[in-house]
J.: 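Sharing a structure here in structure tokens format.
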Amino acid sequence: MKKVNRYYHKKILVLGLAKSGVGAAALLHKLGAFVTVNDYKPLSENPEAQSLLEQGITVICGGHPIELLDEGFELIVKNPGIPYHNQMIKEAGERGIPIITEVELAYQISEAPFVAITGTNGKTTTTTLIDEILEAGNKAPLIAGNIGKVASVVAQKAAGDNTIVIELSSFQLMGIDEFKPRIAILTNLYDAHLDYHGTVDEYISAKANITRNQTEDDYFIVNADQEEVMKIARSSKATIIPFSSKRTLEEGGYVKDGWIYFNEEKIMDTKDVVLPGAHNLENILSSVIAAKLLGVANDAIFKVLNSFAGVKHRLQYIGEIHERRFYNDSKATNILATQNALAAFGAPVVLLAGGLDRGNEFDELIPSLTNVKALVTFGQTAAKLEEAGSQAGIKTIIRVDNVEKAVPVAFQLSAPGDVVLLSPACASWDQYKTFEVRGDIFVEAVHKLK
């Protein structure tokens, strides 16, 4: 960990806890700051806040009182989930108090360089792939960020011969100041999180922050098939490395004659790649580029891509039962993700879908349902999905109470050679706390079929 003196005896407010807030507060306390933690959850229900209190950190729980800002804080480290239109944050901004997110702290103390991945879809798969490829290539990676490992905790352990591979959301990227990854990746851009950002322009601007501080000595890996991504690339000072799953490029990552290439070098045959889906080919290409830039040998890349079956809850292969293949894609919380999942399969699909009703219809999903032989629905959007399924010509549509009950029904509707796919096209919050809980219930129900 780098020796950092900038926070010594500075008054700093950590706003919002969860893992990143706890990590930030503990780190700042270690760096000699006068830390105050403010979390909305009451102290009696807040074990994280209680643990910080035991370390001698000031803790204020049960609300976000505006008058707290009168205490003269010189910096706010904000939980990424707290939007900038939050009254506390707005008031801090008006008072000129700098606001950052925990990833900025991680960068400032890290002795290791960063490979940073962002985008609307594919972040977690790409981050995990790069980590596993670097591990196979003996490059000592450390995985961090939005994937579940607190960046500021990981950075404290990082040495100069490590590489921190970090998944970053737009929420985190809005709170950076100096953060500069050695390699940045922008997988793709679609409309998302508008309830947080308010406008598409703000969302795109937040994503563009990943390359904001890069120089020509750094690399920016970008999706050449998306004009909005290339627009950001054209304004970047980094060395641009494009990838495309649709066409041959003069340089970068691409597919030609069924082979994955980096520049003009053959890396491996796509037939040997285990991970299904055209959208995952984009994730693979960007991962291969990052690995090659970091000096990983082709045999290590082959070893991982020949065995990597997917990240949990993201088109995750569960197994085969009586010649039916089961896939858990609970992370598919929007229509685009389900479209991508369905496009990954040539076999007939029994689709399990439904969840939180955000007011949208599912007309966009209809063209992607041509290979769906049966549809099992649940949750608030069941009726809307059934209407879309009817318009797509699906003859067998059954509604059930929940995911657990959907699995045996789907199995009965399937035949040998079919795919049984949970890809809800909706958030989980109408019935389940998280998409992970929903996916775990699906996996457990599949195992009960054996």
Side-chain angles (χ1 to χ4, degrees), residues 115 117-134 136-137 165 183-190 219-233 239-311 314-317 327 329 336-347 367-368 371 419:
V115 176
I117 301 96
T118 197
T120 305
N121 293 323
K123 296 186 295 297
T124 301
T125 297
T126 303
T127 302
T128 307
L129 265 176
I130 293 173
D131 176 67
E132 293 200 9
I133 292 171
L134 294 184
V165 185
I183 298 174
I185 298 175
L186 181 52
T187 59
N188 49 57
L189 282 173
Y190 300 98
Y219 296 98
F220 188 25
I221 300 170
V222 294
N223 190 334
D225 297 326
Q226 285 203 321
E227 176 55 30
E228 198 64 59
V229 171
M230 294 308 296
K231 183 179 178 181
I232 293 173
T239 298
I240 306 302
I241 311 289
F243 66 87
S244 173
S245 62
K246 299 177 181 178
R247 55 196 169 95
T248 300
L249 302 176
E250 292 183 3
E251 61 178 2
Y254 55 92
V255 178
K256 179 181 177 182
D257 299 327
W259 279 75
I260 294 170
Y261 278 77
F262 173 61
N263 293 336
E264 296 182 351
E265 179 187 2
K266 272 186 175 182
I267 306 300
M268 67 181 292
D269 194 323
T270 55
K271 292 178 182 177
D272 293 320
V273 174
V274 172
L275 191 64
H279 65 297
N280 275 322
L281 188 54
E282 294 183 349
N283 304 328
I284 288 166
L285 287 168
S286 60
S287 301
V288 167
I289 295 171
K292 294 297 290 182
L293 291 174
L294 292 169
V296 177
N298 289 353
D299 59 350
I301 295 172
F302 181 93
K303 178 182 178 181
V304 173
L305 295 182
N306 187 238
S307 60
F308 184 81
V311 178
R314 293 159 174 84
L315 209 57
Q316 173 195 8
Y317 177 60
Y327 288 85
D329 194 39
L336 175 64
T338 297
Q339 288 174 322
N340 286 335
L342 289 168
F345 302 106
S368 300
N371 209 38
V419 167

J.: Would you check if L129 and I284 make a side-chain contact, meaning some heavy-atom pair closer than 4.5 Å?
T.: yes
J.: Can you confirm whether V222 sits close enough to I241 that some side-chain heavy atom of one is under 4.5 Å from a side-chain heavy atom of the other?
T.: no
J.: Might you point out which heavy atoms bring G253 and L285 nearest each other, and give the distance in Å?
T.: C-CD2, 3.9 Å
J.: Going by the rule ring pair (Phe, Tyr, Trp, His ring centres under 6.0 Å), which residues pair with Y254 if we only count those two or more places apart in sequence or in a different chain?
T.: Y261
J.: List the residues meeting side chain to side chain contact (heavy atoms under 4.5 Å, CB included) with E265, not counting sequence neighbours, and say none if there are none.
T.: I267, K292, N298
J.: Quick check: closest heavy atoms across A224 and P242, and the distance to 0.1 Å?
T.: CB-CB, 3.9 Å
J.: Could you tell me which residues satisfy side chain to side chain contact (heavy atoms under 4.5 Å, CB included) with K303, sequence neighbours excluded, listed by chain and number?
T.: none
J.: Could you list the residues that satisfy side chain to side chain donor-acceptor pair (under 3.5 Å) with Q316, not counting sequence neighbours?
T.: N328
J.: Per the salt bridge (charged side-chain N to carboxylate O under 4.0 Å, His left out) rule, what does the pair list look like for residues 219-228, sequence neighbours excluded?
T.: D225-R247, E227-R234
J.: Give me the atom names and distance for the closest heavy-atom approach of L293 to I221.
T.: CD1-CD1, 4.2 Å
J.: May I ask you to decide if E251's main-chain N or O and N263's side chain share a donor-acceptor pair within less than 3.5 Å?
T.: no
J.: Could you give all pairs that pass the salt bridge (charged side-chain N to carboxylate O under 4.0 Å, His left out) test and reach residues 272-291, with sequence neighbours left out?
T.: none
J.: Rounded to the nearest 0.5 Å, what's the gap from OG1 on T270 to NZ on K256? Could you check?
T.: 14.5 Å
J.: Nearest heavy-atom pair of T120 and Y190: which atoms, and what distance?
T.: OG1-N, 2.8 Å
J.: Taking side chain to side chain contact (heavy atoms under 4.5 Å, CB included) as the definition, give me every residue that meets it alongside T124, ordered by chain and number, with sequence neighbours left out.
T.: T128, I147, E167, V311, R314
J.: What are the two closest heavy atoms between V304 and A136, and how far apart are they?
T.: CG2-CB, 3.8 Å
J.: I want to check something: taking the side chain as every heavy atom from C-beta on, are V274 and Y317 in contact at a cut-off of under 4.5 Å?
T.: no
J.: Excluding sequence neighbours, so at least two apart, what forms side chain to side chain donor-acceptor pair (under 3.5 Å) with S286?
T.: none
J.: Please answer whether the main-chain N or O of N121 pairs with a side-chain N or O of T187 as donor and acceptor at a distance below 3.5 Å.
T.: yes
J.: Apply side chain to side chain donor-acceptor pair (under 3.5 Å) to D329 and list each qualifying residue two or more places apart in sequence or on a separate chain.
T.: S423
J.: Are L189 and N223 close enough, and set up right, to give a side chain to side chain contact (heavy atoms under 4.5 Å, CB included), and what steps lead you there?
T.: CA-CA 9 Å; L189 282 173; N223 190 334; over 6 Å; no
J.: With A343, which residues qualify under side chain to side chain contact (heavy atoms under 4.5 Å, CB included), at least two apart?
T.: none
J.: Quick check for you: to the nearest 0.5 Å, what is the distance between L315 atom CG and L342 atom CG?
T.: 9.5 Å
J.: Do the side chain of N371 and the main chain of A347 share a donor and acceptor less than 3.5 angstrom apart?
T.: yes
J.: So do the side chains of F262 and I289 get within less than 4.5 Å of each other, counting heavy atoms only?
T.: yes
J.: List in chain and number order the residues that pass side chain to side chain donor-acceptor pair (under 3.5 Å) with Q339, two or more places apart in sequence or in another chain; answer none if no residue qualifies.
T.: none
J.: Donor-acceptor check, side chain of N280 to backbone of P276, threshold 3.5 angstrom: yes or no?
T.: yes
J.: Quick one: are T125 and L275 in side-chain contact, heavy atoms under 4.5 Å?
T.: yes
J.: Side chain to side chain contact (heavy atoms under 4.5 Å, CB included) between I130 and I185: does it pass, once the steps are laid out?
T.: CA-CA 11 Å; I130 293 173; I185 298 175; 3.5 Å; yes
J.: Report the residues that fulfil ring pair (Phe, Tyr, Trp, His ring centres under 6.0 Å) with F345, sequence neighbours left out, ordered by chain and then residue number.
T.: Y327
J.: Minimum heavy-atom separation for W259 to M268, with atom names?
T.: CE3-C, 3.3 Å
J.: With a 4.5 Å cut-off on side-chain heavy atoms, are V273 and I260 touching?
T.: yes
J.: About how many Å separate CD1 of I301 and OG of S287, when rounded to the nearest 0.5 Å?
T.: 9.5 Å
